[in-house]
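Structure first, commentary second.
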Protein chains: 2
Amino acid sequence: MSISSVTEPPKTKRGETSRAAIFDAALALFLERGYEATTMRAIAERAGVSLGSSYHYFASKEHLVLEFYWHTHQLHVAAIAPLLAREHDLAARLRGVVRAVIVTCEPFHAFAGAIFGTVANPASPLNPFGREAKALRDEVIELYAGVVKGSDARLPADIATELPTLLWLYQMGILYFWIFDRSQGRLRTLDVIDQTTDLIVRLLGLANLPVLRGSRKRVLGLVRSIAAGA
Amino acid sequence: MSISSVTEPPKTKRGETSRAAIFDAALALFLERGYEATTMRAIAERAGVSLGSSYHYFASKEHLVLEFYWHTHQLHVAAIAPLLAREHDLAARLRGVVRAVIVTCEPFHAFAGAIFGTVANPASPLNPFGREAKALRDEVIELYAGVVKGSDARLPADIATELPTLLWLYQMGILYFWIFDRSQGRLRTLDVIDQTTDLIVRLLGLANLPVLRGSRKRVLGLVRSIAAGA
DNA sequence: CAGTAAAAGTGAACACGTTCAACTTGCACT
DNA sequence: AGTGCAAGTTGAACGTGTTCACTTTTACTG
């Protein structure tokens with residue numbers, strides 16, 4: 001498990017304490033008031049440090065968001081460990097893992113939109129495809145590689161190579177849908193997850209059919225070319 | 001052709017002049033310095049109005065971005081008119097229309113990332129799925145409905161209904177890719193467009209195959225359910 | 001033409017994210 | 001104990017987007 005550092009990690013005990021206090025304060029305030037209504041001054045005050053100190057540990061308010069992503073990612077990893085150990089059917093693994101994403105993030109739904117938007121900005125180096133998010137991105141892709149590898153599904157090599165990246169993209173799509181979902185208990189998102197994971201596994205089974213062979217090659221070529229550029 | 005108003009339109013000649021001056025100044029400054037480096041004060045100054053006046057016509061800096069989208073949309077519509085009149089092959093129409101999007105937007109590539117990110121924010125009512133962007137969204141979807149309808153392709157009714165919305169989504173995906181594309185002459189994006197439009201048309205042809213029937217129904221059901229929620 | 005209400009226009013003031021130069025703390029090494 | 005230096009800390013100051021109470025201009029009516 002890698003260290004979830006966004007900027008340079010603290011080098012002293014005191015530093016670690018301050019950094020944690022700042023992030024904890026930020027998370028608490030995001031929950032209480034939402035992202036935009038939470039000011040850096042309020043975060044610093046609640047954390048018991050000065051405004052300047054906050055910027056010593058987090059280069060910007062957005063960096064607090066990236067740290068938040070790390071936080072939820074770790075919650076997610078912990079949540080799915082039992083499932084991944086027990087279940088070996090690909091569809092069930094996929095469904096469970098993606099459902100766990102939105103269950104994990106549910107407490108943060110109210111401010112997820114503001115947070116997602118901030119970091120989705122292509123101009124920011126913190127955007128999902130950008131430099132500063134690479135460590136997290138790689139870890140999530142690795143997670144999905146494990147979901148596929150640990151299943152009893154037998155996939156062609158070319159698909160198995162690109163699938164984890166595609167599933168990472170798919171997870172982002174689900175999260176985007178979830179942000180807009182105002183249904184009770186987020187049932188619509190859960191339903192979409194069930195249907196799409198099923199569909200994905202079904203299409204994977206169909207990919208070997210002669211009629212789809214050509215399209216499959218083209219799709220994978222496209223995915224490789226796109227992934228190479230990012 | 002609808003009026004491209006973002007907030008309430010001006011009611012006097014003088015108002016129209018001011019509004020246009022503000023937008024023109026904004027566009028010029030975005031081109032010169034980029035989006036973030038352009039301040040509302042600089043826009044007001046170049047437009048020859050006061051800071052407060054800018055906010056009389058555009059409720060926020062983001063609203064200037066939405067107006068910018070209207071602007072490029074109109075350029076796009078004008079650019080594709082000849083093609084749509086002449087060409088009736090669906091693949092060619094689609095390729096031409098999507099290529100025209102990025103050709104139209106090419107002069108703005110440098111600041112497109114900042115602009116896209118600002119308005120993609122799910123927390124903003126200006127986001128592509130949101131209330132304030134509805135008029136533009138509907139118009140683009142209508143444009144793609146025309147692309148499909150004016151072609152000689154014979155599509156099943158259920159697909160024809162949902163396809164325009166999917167193509168609008170597809171266009172946003174292409175734009176997102178284009179933003180990150182740093183290749184010379186944006187050749188990578190053009191290549192991706194050629195391949196994906198071909199692929200789309202091919203898959204549409206395959207949708208009637210018995211093996212895909214089930215998946216097709218599920219995909220369309222999904223699309224309908226997702227579109228209904230937005 | 002006078003009156004008036006809506007539209008257009010103004011700039012000072014506010015709160016925010018961020019920067020920075022100066023200050024304090026604590027550890028390593030002699 | 002003393003010294004040096006990196007890490008940690010500070011809050012005033014800057015520039016930004018945005019708001020608002022107010023003034024000026026415009027268009028229309030009796």
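Below, read A as the first sequence line, B as the second, and so on, with proteins coming before strands; counting in each chain starts at 1. All values below were derived from every heavy atom in this structure, side-chain atoms included, with hydrogens, water molecules and symmetry-related copies excluded.
For the contact set between residues 22-46 of chain B and DNA chain D, defined by any heavy atom under 4.0 Å, the members are B:Thr38, B:Thr39, B:Met40, B:Arg41.
Here D:dT26 is the nucleotide among C:dT19, D:dT26, C:dG11 with the atom lying nearest to any side-chain atom of B:Arg14. Of the candidates D:dA12, D:dA27, C:dT10, the closest approach to any side-chain atom of B:Thr12 belongs to D:dA27.
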Item to complete: Please step through ring pair (Phe, Tyr, Trp, His ring centres under 6.0 Å) for the pair B:Phe68 and B:Phe108, ending with a clear verdict.
Response: CA-CA 10 Å; B:Phe68 169 77; B:Phe108 316 117; 4.9 Å; yes

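Under 4.0 angstrom from either OP1 or OP2 of C:dT10 there lies at least one side-chain N or O belonging to B:Ser53. Considering only side-chain N and O atoms, B:His56 lies nowhere under 4.0 angstrom from the phosphate OP1 or OP2 of C:dG9. Proximity of B:Tyr57 to the phosphate of C:dG9: a side-chain N or O atom is located under 4.0 Å from OP1 or OP2.
For an aromatic pair to be called close, the ring centres must be under 6.0 Å apart, and B:Trp168 with B:Phe129 satisfies this. Between A:Phe116 and A:Tyr176, a ring centre-to-centre spacing shorter than 6.0 Å is recorded.
Of all non-hydrogen atoms in B:Ala25 and B:Ile43, the two that sit nearest each other are CB-O, 3.6 Å.
The main-chain N or O of B:Ala135 is never found under 3.5 Å from a side-chain atom of B:Asp138 such that the two would form a donor-acceptor pair. Although no hydrogens or angles enter the test, the distance criterion places a donor-acceptor pair under 3.5 Å between the side chain of B:Arg93 and the main chain of B:Val147.
Taking atom CD of residue B:Glu16 and atom P of nucleotide D:dT26, one finds them 15 Å apart after rounding to whole Å. Distance A:Lys13 NZ to C:dA28 P: 12 Å, rounded to the nearest Å. When the P atom of D:dG8 is taken as reference, atom CZ of A:Phe58 falls 12 Å away, rounded to whole Å. D:dT16 atom P lies 12 Å from atom OH of B:Tyr55, rounded to whole Å.
Between A:Tyr170 and A:Val98 the shortest side-chain heavy-atom distance falls below 4.5 Å.
Contact annotation for B:Gly52: base contact, defined as any heavy-atom pair under 4.0 Å involving a base atom.
Judged by closest nucleotide on DNA chain D, A:Ser50 is the one of B:Lys61 and A:Ser50 placed further toward the 5' end.
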